[in-house]
Novice: 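Structure incoming, see below.
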Amino acid sequence: MEYDKISSGINSEKKGFDSLLETTAAEARRISRTIQKIAGTTACKGVQINGLKKWAVENSYWVDSYNILGEFSDRGSENEVYMDSENQIVYKLNDFRYADDNLDAFFQRIQIHNNLFADCAYTLHGFAENQDGKICAIISQPFVRADREASIEEIAGALALMGFMPQQEGEYYTNGTVDIFDALPNNVLHGSDGNLYFIDTICLPSNDNFINSYKTLSPNWGMAK
């Protein structure tokens, strides 16, 4: 089995945040610092989310209806997925579930994902409520033409070439700096071009607190075998 065809951003010139994502991350940090000064805590995700809605409305980044994103396609643990077939774009309404108690984790994981997997990088478009009425970030990825899901062996081999080793019998992968969760066949596609596309993994800085939060929040923990 060969693993040399990997959709990875390591050697790509297109890395990191798009400009709106950078601006939004800065606004979320500003809200966090304000709450910390007032209440002495960084556990402020709810306040950040509502603050970002107000900021998005004021700056024309708020979308009144998710219906304009395209046809509803799927619902995952943290995303509602919509398909814009005309423009070949996949939109996701992300409810910040894996940010735990502060949105910093959300912006960190998007940055890490975009650095590692630039061919399926996320772009932030704004904010909207999902079908459950939750305030969400609208993020998008290019549509991937795939012939099948990647196999566990292909995923492990590709990540090994990138320096990521399996932990806890493949529950997650780490290179000592970044941990990758949910690297499962339904989240990694084998493209029709032969490349692997990591479209929906969770990438977080290596930290026991992130691991514990992920275990608490993810319905997939303990299922990847």
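Along the sequence shown, the residues carry numbers beginning at 1.
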Novice: Under the side chain to side chain donor-acceptor pair (under 3.5 Å) rule, collect the residues that match up with Thr201, sequence neighbours excluded.
Specialist: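 Not a single residue meets the side chain to side chain donor-acceptor pair (under 3.5 Å) criterion with Thr201.
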Novice: Is Arg109 salt-bridged to Glu78, going by a charged N under 4.0 Å from an acidic O?
Specialist: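 Yes, this pair counts.
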Novice: SG/Cys203 to CG/Asp179 distance, rounded to the nearest 0.5 angstrom?
Specialist: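 Result: 9.5 Å between the selected atoms.
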Novice: Could you give the distance from CZ (Arg29) to OG1 (Thr34), rounded to the nearest 0.5 Å?
Specialist: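 Nearest 0.5 Å value for the CZ-OG1 distance: 13.0 Å.
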Novice: Indicate, with yes or no, if Met162 and Val188 share a hydrophobic cluster defined by side-chain heavy-atom contacts under 4.5 Å among Ile, Leu, Val, Met, Phe, Trp and Tyr.
Specialist: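 Val188 and Met162: one cluster.
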Novice: Does Arg75 use its side chain to pair, donor to acceptor, with the backbone of Val81 at less than 3.5 Å?
Specialist: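 The answer is no, because no donor-acceptor pair under 3.5 Å joins these two groups.
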Novice: Side chain to side chain donor-acceptor pair (under 3.5 Å) between Thr174 and Ser206: does it pass, once the steps are laid out?
Specialist: CA-CA 7 Å; Thr174 187; Ser206 297; 3.3 Å; yes
Novice: Salt bridge or not for Asp104 and Lys45, using N-O below 4.0 Å?
Specialist: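 Answer for the salt bridge query: no.
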Novice: Do Lys92 and Tyr122 have side chains that get closer than 4.5 Å, going by heavy atoms?
Specialist: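 Contact flag for Lys92/Tyr122 side chains = yes.
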Novice: Roughly how far apart are Asn79 CG and Asp200 CG, rounded to 0.5 Å?
Specialist: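 Rounded to the nearest 0.5 Å, the CG-CG separation comes out at 5.5 Å.
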Novice: Just to verify, which of Pro142, Ser140, Ser19 counts as forming a side chain to side chain contact (heavy atoms under 4.5 Å, CB included) with Thr123?
Specialist: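 So the option named by the test is Ser140.
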Novice: Determine, using the 4.5 Å side-chain heavy-atom cutoff (strictly less than), whether Phe106 and Leu124 are members of one ILVMFWY cluster.
Specialist: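 Phe106 and Leu124: one cluster.
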Novice: So, do Arg30 and Arg33 sit near enough that their side-chain heavy atoms are less than 4.5 Å apart?
Specialist: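 They are in side-chain contact.
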Novice: Quick test of your reading of the model: are Asp193 and Arg145 salt-bridged, counting only N-O distances below 4.0 Å?
Specialist: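 Not counted as a salt bridge, because no side-chain N and carboxylate O are separated by less than 4.0 Å.
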Novice: Starting at CD1 of Ile112, measure out to OG1 of Thr177 and round the result to the nearest 0.5 Å.
Specialist: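 Those atoms lie 9.5 Å apart.
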Novice: Looking only at non-hydrogen atoms, find the nearest pair between Ser77 and Asp95 and report the distance.
Specialist: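 Result for this residue pair: O-OD2, 4.3 Å.
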Novice: Verify the cluster assignment for Phe127 and Ile139: are they in a single hydrophobic cluster under the rule of side-chain heavy atoms below 4.5 Å apart?
Specialist: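 Yes: a chain of side-chain contacts under 4.5 Å links Phe127 to Ile139.
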Novice: To the nearest 0.5 Å, tell me how far Ile35 CD1 sits from Ile31 CD1.
Specialist: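 If I round to the nearest 0.5 Å, the distance is 8.0 Å.
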Novice: Identify the two heavy atoms, one from Pro185 and one from Ile152, that lie closest to each other, and give their separation to 0.1 Å.
Specialist: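 Answer, listing the atom of Pro185 first, then Ile152: CD-CD1, 3.5 Å.
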Novice: Name the residue from Tyr98, Tyr172, Phe164 that meets the ring pair (Phe, Tyr, Trp, His ring centres under 6.0 Å) definition with Phe181.
Specialist: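 With Phe181 as partner, Tyr98, Tyr172, Phe164 yield a single ring pair (Phe, Tyr, Trp, His ring centres under 6.0 Å), made by Tyr172.
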Novice: For the residue pair Asp84 and Glu86, establish whether any side-chain heavy-atom pair is separated by less than 4.5 Å.
Specialist: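 Answer yes - side chains close enough.
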Novice: Under a single-linkage definition using a 4.5 Å side-chain heavy-atom cutoff for Ile, Leu, Val, Met, Phe, Trp and Tyr, are Leu20 and Ile68 assigned to the same hydrophobic cluster?
Specialist: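 No, no single cluster joins them.
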Novice: Is it the case that Glu149 and Asn186 place a side-chain donor and acceptor less than 3.5 Å from each other?
Specialist: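 The answer is no; no qualifying pair exists.
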Novice: Ignoring hydrogens and angles, write down the donor-acceptor pairs under 3.5 Å from the side chains of residues 47-64, residues two or more places apart or on other chains.
Specialist:
{"residue": "Gln48", "atom": "OE1", "partner": "Leu103", "partner atom": "N", "Å": "2.8"}
{"residue": "Gln48", "atom": "NE2", "partner": "Ala28", "partner atom": "O", "Å": "2.9"}
{"residue": "Asn50", "atom": "ND2", "partner": "Gly46", "partner atom": "O", "Å": "2.9"}
{"residue": "Lys54", "atom": "NZ", "partner": "Glu58", "partner atom": "OE2", "Å": "2.6"}
{"residue": "Asn59", "atom": "ND2", "partner": "Trp55", "partner atom": "O", "Å": "2.7"}

Novice: What about His113 and Phe198, are their ring centers closer than 6.0 Å?
Specialist: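 No; Phe198 has its ring centre 6.0 Å or more from that of His113.
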Novice: With the side chain counted from C-beta on, respond yes when Lys134 and Glu129 share a heavy-atom pair under 4.5 Å apart, and no when they do not.
Specialist: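 When only atoms from C-beta onward are counted, Glu129 and Lys134 do not touch, as no gap falls below 4.5 Å.
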Novice: Evaluate the side-chain proximity of His125 to Tyr91: yes if any heavy-atom separation is below 4.5 Å, no if none is.
Specialist: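 SC-SC contact between Tyr91 and His125 confirmed.
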Novice: Less than 4.5 Å apart, side chain to side chain, heavy atoms only: is that true for Leu93 and Ile138?
Specialist: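 Counting from C-beta outward, Leu93 and Ile138 do come under 4.5 Å.
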Novice: Can you find a heavy atom in the side chain of Ile202 that is under 4.5 Å from one in the side chain of Ile180?
Specialist: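 SC-SC contact between Ile202 and Ile180 ruled out.
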Novice: Can you tell me if Ser192 and Asp147 form a side-chain donor-acceptor pair at under 3.5 Å?
Specialist: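 The answer is no; no qualifying pair exists.
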Novice: With a 4.5 Å cut-off on side-chain heavy atoms, are Gln131 and Tyr66 touching?
Specialist: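 Yes, their side chains come closer than 4.5 Å.
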